[in-house]
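All values below were derived from every heavy atom in this structure, side-chain atoms included, with hydrogens, water molecules and symmetry-related copies excluded.
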Amino acid sequence: MAGIEDKLDKAYETKPVQELVDAPVAALQGISDAKAALLTEALGIKTIGDLGTNKYFLWAQAIAKLAE
């Protein structure tokens with residue numbers, strides 16, 4: 001997907017989206033291994049796919065959208 005490269009750590013910039021979904025959350029720029037560990041501990045989120053489909057994040061996104 002064009003345009004997402006700048007949102008990923010350098011090692012993941014050229015990976016296909018099918019691989020990114022299974023990449024660790026720390027592959028996203030700004031999320032350290034320590035922050036990723038907190039997401040895993042608190043919400044069971046281990047991968048980018050987990051983060052993108054987490055029900056709490058989806059609910060919050062829907063509420064924010066409705067509030068616009």
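Put simply, the side chain of Thr40 gets close to the backbone of Ile45: a donor and an acceptor are under 3.5 Å apart. Although no hydrogens or angles enter the test, the distance criterion places no donor-acceptor pair under 3.5 Å between the side chain of Glu5 and the main chain of Glu13.
The line from CG of Leu39 to CG of Asn54 is 8.5 Å long, rounded to the nearest 0.5 Å. How far CD1 of Ile31 is from CD1 of Ile48: 8.0 Å, rounded to the nearest 0.5 Å.
Side-chain contact between Asp9 and Gln29: present, with at least one pair of heavy atoms (C-beta onward) separated by less than 4.5 Å. Two residues are said to be in side-chain contact when any heavy atoms from C-beta on lie closer than 4.5 Å; Phe57 and Leu43 meet this criterion. Side-chain contact between Leu51 and Leu28 is present, with at least one heavy-atom pair separated by less than 4.5 Å.
Around CD of Glu19, the count of heavy atoms belonging to other residues, nucleotides or ligands within 6.0 Å exceeds 12. Within a 6.0 Å radius of CG in Asp33, other residues, nucleotides and ligands contribute 12 heavy atoms or fewer.
At a threshold of 4.5 Å between side-chain heavy atoms, the hydrophobic network of Ile, Leu, Val, Met, Phe, Trp and Tyr places Leu66 and Trp59 in two separate groups.
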With side chain to side chain contact (heavy atoms under 4.5 Å, CB included) as the criterion, how do Val21 and Thr47 come out once you've worked through the C-alpha distance, each side chain's angles and the decisive distance to 0.1 Å? CA-CA 7 Å; Val21 75; Thr47 67; 5.9 Å; no
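Pairs of residues two or more places apart, or lying in two chains, that qualify as salt bridge (charged side-chain N to carboxylate O under 4.0 Å, His left out) and include a residue from residues 49-68 are Lys65-Glu68.
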